[in-house]
Amino acid sequence: MHSPRCFFSRVGLLSKPRLLHWCATKPPGWSQLFKSLACKGNFTYVIAKKCQRGQKSKKSNHVGPPNGSWQERLAYVVTPLWRLSCEEQIKVKFEAQKKILQRLESYFQKLNGVNVTTSVPRAEGLCCLFHPIISSPVINGYQNKSTFSVNGPDGNTKTMGYYLGTWRIQNIVCVPSNHLKNIPEKHNQYYEVFLQSAMESCFLFHEGGYWCELIFCTDSRGHTMAIITFHPQELRQEELSIQETLKKFFTTGPGAVCDLTSLYFQESTMMHCSHQQSPYQLLFGEPHLFEDLLGLKICISPEAFFQINNAGAEVLYRTVRELVNSNTILLDICCGTSVIGLSLVQYISQVLGINLVEQAVEDARWTAAFNGITNREFHTGRAEKILPQLLQSKENWQFIVAVVSPAQAGLHYQVVQAIQNCRAIRTQIFVSCKPHGETTRNIIRLCCPPNSAKKLFGESFVLRKAVPVDLFSHTMHCKLVLLLTCKSASYDTAGSLLRLKFQ
């Protein structure tokens, strides 16, 4: 999960003071606003459009809430649907996902005259079958990983929470997050413990301080891994003593009440860095967490990606399972710890996983070995480099189902080319929590007809079905599972399960 600082800057909440000023209080007709407007895009788009309709106000450098609390304002930014009932949230999200598909339909029709509408019954104005939103069985306190920044709006430099404000005019503050509905109580309890530390926080690197970021990961058994990002400042010669101080604080000092399973330390002079840039150092405890999911024991390292909602992840993986034919090779691109692929091994002939993060691939291999899974093969590196050669070696094999779950930046264009040009790939399942920008371009390119200029020589794909899965209650986000098949493939429907008939 990205740091809150990076997250808010990406969605635009740290660059538009008006958005934050408007969020200070709950506006009248909030439920109706989201039901009627949320479908136009993401949350920031809705807020922006609402601001444009209202009276123009003077820009203010004051980011404090004039009529509301910091906590309320943060709740509307991080969990904008927190005041709506579960039923209302589902209605809002359904309309938002519907608009995403309608936008895709318009792109398909305009781009090079592509027409990819299906011949089966579908929702009005949509390019595919649209399944109702599938909800997670857990809607409160579902986050298994929380990334906290450090600072405060009241002069308390040890406030642990999320940033609000505008970087441009340097009025960023850190607001406590212990009231947010998506954060588990156990993660919130660490706040009081953190206040007892003698170390000062580091907000602006040149102004000193040491605490940069705190990450807490918890499995379903309650075991917790903590990761402390620490700016060394001028203390490089005393680094070992600092680590020993942290170890004592969380083992025999006030932090012992956290009952951590493991504590990692990362020295960083940047806002965010990877394990390769600055290795995680285990100060004490177990090096991994272990999660039980769909009958598998999953190994999780500090940097490995894992779905943030365990119960919702099981729903998501079952949804993917229903869209995969048996006796096929599953190509798991951007596989992470390859939970999707490994959870399907009893239904398919082989899993081929590709991921950039070496530790995540090692976790996948451990999970496969521990669970006695032998029909798997994992590769570490950039998918755009590995995939073409890997697919060339499988060209004469049986049909391949490609499952893609990329980061928000989407897939490299060479990955899309390799998928579209491989004749053995007849089915693709695209999983995205933010189908905008590059992800949209990925989907459109997959559905393009052969084009030598774009180095697309294979048969185009057709978007057949969309299934939204709500892993992120109280937010506007969903995991959207898209089923694409080759244009020449026909299929019939039986309930929610699609059975492909290859010609």
Looking at [X] and [Y], would you say the former's side chain and the latter's main chain have a donor-acceptor pair under 3.5 Å?
| X | Y | result |
| --- | --- | --- |
| Asn371 | Ile373 | no |
| Lys93 | Thr475 | yes |
| Arg365 | Phe378 | yes |
| Arg221 | Phe290 | yes |
| Glu291 | Ser220 | yes |
| Tyr347 | Thr328 | no |
| Ser262 | Gly285 | no |
| Asp332 | Leu352 | no |
| Tyr142 | Ser473 | yes |
| Gln89 | His474 | yes |

Taking every non-hydrogen atom, the tightest pair across [X] and [Y]:
| X | Y | value |
| --- | --- | --- |
| Ile227 | Pro302 | CD1-CB, 3.8 Å |
| Leu282 | Glu286 | CD1-O, 4.0 Å |
| Thr337 | Ala304 | CG2-CB, 3.8 Å |
| Ser460 | Gln420 | CA-NE2, 3.9 Å |
| Leu411 | Cys334 | CD2-SG, 3.9 Å |
| Asn421 | Lys455 | ND2-O, 3.0 Å |

Anything under 30° is parallel, anything over 60° is perpendicular, the rest tilted; go ahead and classify Phe148 against Phe216.
tilted
In terms of relative ring orientation, are Phe130 and Phe94 parallel, tilted or perpendicular, with 30° and 60° separating the classes?
parallel
Out of curiosity, [X] [atom1] to [Y] [atom2], how far, rounded to the nearest 0.5 Å?
| X | Y | atom1 | atom2 | value |
| --- | --- | --- | --- | --- |
| Lys145 | Thr224 | NZ | OG1 | 13.5 Å |
| Ile425 | Phe461 | CD1 | CZ | 6.0 Å |
| Ile340 | Ser405 | CD1 | OG | 5.0 Å |
| Leu323 | Arg318 | CG | CZ | 14.5 Å |
| Phe265 | Thr229 | CZ | OG1 | 9.0 Å |
| Leu289 | Cys217 | CG | SG | 6.5 Å |

Is the shortest side-chain N to carboxylate O distance from Glu88 to Arg83 below 4.0 Å?
no
Arg441 bridged to Glu438 by N-O distance under 4.0 Å
yes
Before giving the answer on side-chain contact (heavy atoms from CB on, under 4.5 Å), spell out for Ile308 and Leu471 the whole-Å C-alpha distance, their side-chain angles and the decisive distance to 0.1 Å.
CA-CA 8 Å; Ile308 202 168; Leu471 268 68; 5.6 Å; no
Heavy atoms, side chains only, cut-off 4.5 Å: are [X] and [Y] in contact?
| X | Y | answer |
| --- | --- | --- |
| Ile419 | Leu387 | yes |
| Phe430 | Asn442 | yes |
| Thr319 | His131 | no |
| His288 | Glu362 | no |
| Thr439 | Lys434 | no |

Taking atom types as modelled and ignoring hydrogens, do the side chains of [X] and [Y] form a donor-acceptor contact shorter than 3.5 angstrom?
| X | Y | value |
| --- | --- | --- |
| Gln359 | Asp363 | yes |
| Glu213 | Thr147 | no |
| Arg445 | Tyr413 | no |
| His179 | Asn188 | no |
| Thr427 | Thr485 | no |
| Thr79 | Asn182 | no |
| Thr261 | His223 | no |

[X]: partners by side chain to side chain contact (heavy atoms under 4.5 Å, CB included), with sequence neighbours left out:
| X | value |
| --- | --- |
| Ser343 | Leu294, Leu296, Tyr317 |
| Ser136 | Val138, Asn309, Ala311 |
| Glu384 | Arg382, His412, Gln414, Val415 |

Verify side-chain contact (heavy atoms from CB on, under 4.5 Å) between Phe108 and Leu463, making sure each step is shown before the conclusion.
CA-CA 10 Å; Phe108 291 148; Leu463 180 57; 4.1 Å; yes
Apply side-chain contact (heavy atoms from CB on, under 4.5 Å) to the pair Ser338 and Asn355, showing each step before the final yes or no.
CA-CA 9 Å; Ser338 195; Asn355 198 71; over 6 Å; no
For Val481 and Lys465, run side-chain contact (heavy atoms from CB on, under 4.5 Å): C-alpha distance rounded to whole Å, both residues' side-chain angles, the deciding distance at 0.1 Å, then the answer.
CA-CA 8 Å; Val481 182; Lys465 188 174 185 180; over 6 Å; no
Is the number of heavy atoms from other residues, nucleotides or ligands within 6.0 Å of CZ (Phe457) greater than 12?
yes
